[in-house]
Amino acid sequence: RTPVTSSTYSKNGLRLLSSSDRTLVLCNVIGDVVHQITTSAVIQKAMLSATSRYALVILADRTMGLYDAVTGSSVTKLSGHTGRIRCCDMTARSRLVISSSDDSTLRVWESETGRCIATLPHGVFCASSSAYTAVASCA
């Protein structure tokens with residue numbers, strides 16, 4: 001058995017997301033597994049978007065994975081950080097993802113494409129209140 005590394009409820013309280021090693025599990029409120037997803041690397045943290053449409057995971061290989069929580073399919077992989085990713089979040093409508101890393105940067109990504117649209121050095125941003133109104137959830 002592997003330890004559970006992350007768990008969270010959806011904002012509406014109807015879904016539960018948990019992670020262990022390379023496995024992401026999405027359940028409904030009565031415990032039925034809706035999706036079980038295997039990731040490319042060990043999961044450090046997992047979260048659901050505000051709309052519960054997406055699951056966003058921080059992976060040990062310095063990348064993030066975005067998954068469709070409705071279908072269970074991979075949407076995109078976000079890569080570019082050179083240090084361990086510590087925090088991530090999504091805007092309210094899930095259009096943008098923010099992340100911060102041990103490489104002393106905050107990156108802003110387009111959710112659907114995985115394209116990094118901004119890289120800000122430490123000191124230019126505040127991790128608890130970014131310009132993109134997403135509050136970072138730190139691992």
Side-chain angles (χ1 to χ4, degrees):
R1 298 183 86 159
T2 57
V4 174
T5 56
S6 183
S7 63
T8 187
Y9 273 107
S10 61
K11 300 273 191 238
N12 63 13
L14 299 177
R15 297 274 189 252
L16 171 66
L17 181 71
S18 64
S19 64
S20 178
D21 194 40
R22 294 174 188 247
T23 304
L24 191 62
V25 179
L26 183 66
C27 299
N28 61 25
V29 289
I30 59 172
D32 297 327
V33 174
V34 177
H35 295 293
Q36 185 167 322
I37 301 163
T38 302
T39 62
S40 60
V42 173
I43 300 167
Q44 295 179 320
K45 185 166 181 74
M47 63 167 292
L48 285 168
S49 65
T51 62
S52 300
R53 171 67 194 225
Y54 298 105
L56 179 63
V57 296
I58 296 174
L59 300 170
D61 66 357
R62 301 177 182 167
T63 65
M64 293 181 295
L66 185 65
Y67 296 89
D68 187 311
V70 176
T71 66
S73 62
S74 174
V75 175
T76 191
K77 189 169 190 172
L78 300 99
S79 59
H81 278 295
T82 58
R84 178 180 175 200
I85 300 170
R86 296 287 183 163
C87 305
C88 70
D89 209 342
M90 299 183 82
T91 55
R93 294 189 181 177
S94 305
R95 291 187 182 136
L96 299 174
V97 171
I98 63 168
S99 59
S100 60
S101 166
D102 285 350
D103 64 12
S104 298
T105 65
L106 179 136
R107 290 179 182 253
V108 182
W109 315 82
E110 290 179 339
S111 299
E112 292 291 324
T113 65
R115 184 173 74 95
C116 180
I117 59 173
T119 301
L120 305 170
H122 183 267
V124 175
F125 65 90
C126 174
S128 64
S129 177
S130 80
Y132 293 91
T133 67
V135 176
S137 171
C138 295

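Hydrophobic clustering (ILVMFWY, side-chain heavy atoms < 4.5 Å, transitive): L17 and M90 are in distinct clusters. Placement of M47 and I43 in two distinct hydrophobic clusters is found when ILVMFWY residues are connected by side-chain heavy-atom separations under 4.5 Å, directly or transitively. Both I58 and V75 are members of a single hydrophobic cluster when ILVMFWY side chains are connected at heavy-atom separations under 4.5 Å. Under a hydrophobic-cluster definition in which Ile, Leu, Val, Met, Phe, Trp and Tyr are linked whenever side-chain heavy atoms come within less than 4.5 Å, directly or via other members, L106 and I117 are assigned to the same cluster. If you chain together hydrophobic residues whose side chains sit under 4.5 Å apart, I37 and L26 fall into the same group.
In this structure, L56 and C88 approach most closely via the heavy-atom pair CD2-SG, 3.7 Å. Here the shortest heavy-atom pairing between G114 and W109 reads O-CE3, 3.4 Å. Minimum heavy-atom separation, G13 to V29: O-CG1, 2.8 Å. When all heavy atoms are compared, the tightest approach of S99 to H81 is OG-NE2, 2.7 Å. Residues S10 and L14 come closest through the heavy atom pair OG-N, 3.1 Å. The nearest pair of heavy atoms linking A41 to L59 is O-CD2, 3.5 Å.
S111 is linked by a side chain to side chain donor-acceptor pair (under 3.5 Å) to nothing, counting only residues two or more places apart in sequence or in another chain. Applying the side chain to side chain donor-acceptor pair (under 3.5 Å) test to T8 and every residue at least two apart in sequence or in another chain returns nothing. The side-chain contact (heavy atoms from CB on, under 4.5 Å) search around S7 returns S18, not counting sequence neighbours. Applying the side chain to side chain donor-acceptor pair (under 3.5 Å) rule to T39 yields no partners; only residues at least two apart in sequence or on another chain are considered. For S74, the side-chain contact (heavy atoms from CB on, under 4.5 Å) partners at least two apart in sequence or on another chain are Y67. For R115, the salt bridge (Lys or Arg N to Asp or Glu O under 4.0 Å) criterion is met by E110, not counting sequence neighbours. In this structure, T38 has no side chain to side chain donor-acceptor pair (under 3.5 Å) partners at least two apart in sequence or on a different chain. Residues that satisfy the side-chain contact (heavy atoms from CB on, under 4.5 Å) test with T76, not counting sequence neighbours, are L66, L78.
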#### Entry: Test side-chain contact (heavy atoms from CB on, under 4.5 Å) applied to Q36 and T23, step by step
CA-CA 7 Å; Q36 185 167 322; T23 304; 3.6 Å; yes
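Here V25 is tied into one hydrophobic group with V33, each link being a pair of ILVMFWY side chains closer than 4.5 Å.
When side chains are defined from C-beta on, E112 counts as touching Y54, because their heavy atoms get closer than 4.5 Å.
Listed by first and then second residue, the salt bridge (Lys or Arg N to Asp or Glu O under 4.0 Å) pairs that reach into residues 6-21 come to none, sequence neighbours excluded. Screening residues 95-108 for salt bridge (Lys or Arg N to Asp or Glu O under 4.0 Å) gives R86-D102 as the qualifying pairs, with residues at least two apart or on separate chains. The salt bridge (Lys or Arg N to Asp or Glu O under 4.0 Å) pairs that include a residue from residues 57-81 are R53-D68, D61-K77, where partners are two or more places apart or lie in different chains.
A distance of 8.5 Å separates CG of L16 from CG of L48, quoted to the nearest 0.5 Å. Here the straight-line distance linking atom CZ of R22 with atom OG of S40 works out to 7.0 Å at 0.5 Å rounding. Atoms CD1 and OG, on I85 and S79 in that order, are 9.0 Å from each other to the nearest 0.5 Å. Considering OG of S52 and OH of Y9, their distance stands at 13.0 Å, rounded to 0.5 Å.
Proximity of a side-chain donor or acceptor of S101 to a complementary backbone N or O of T105 within less than 3.5 Å is not detected. A donor-acceptor contact shorter than 3.5 Å links the side chain of H35 to the backbone of V70.
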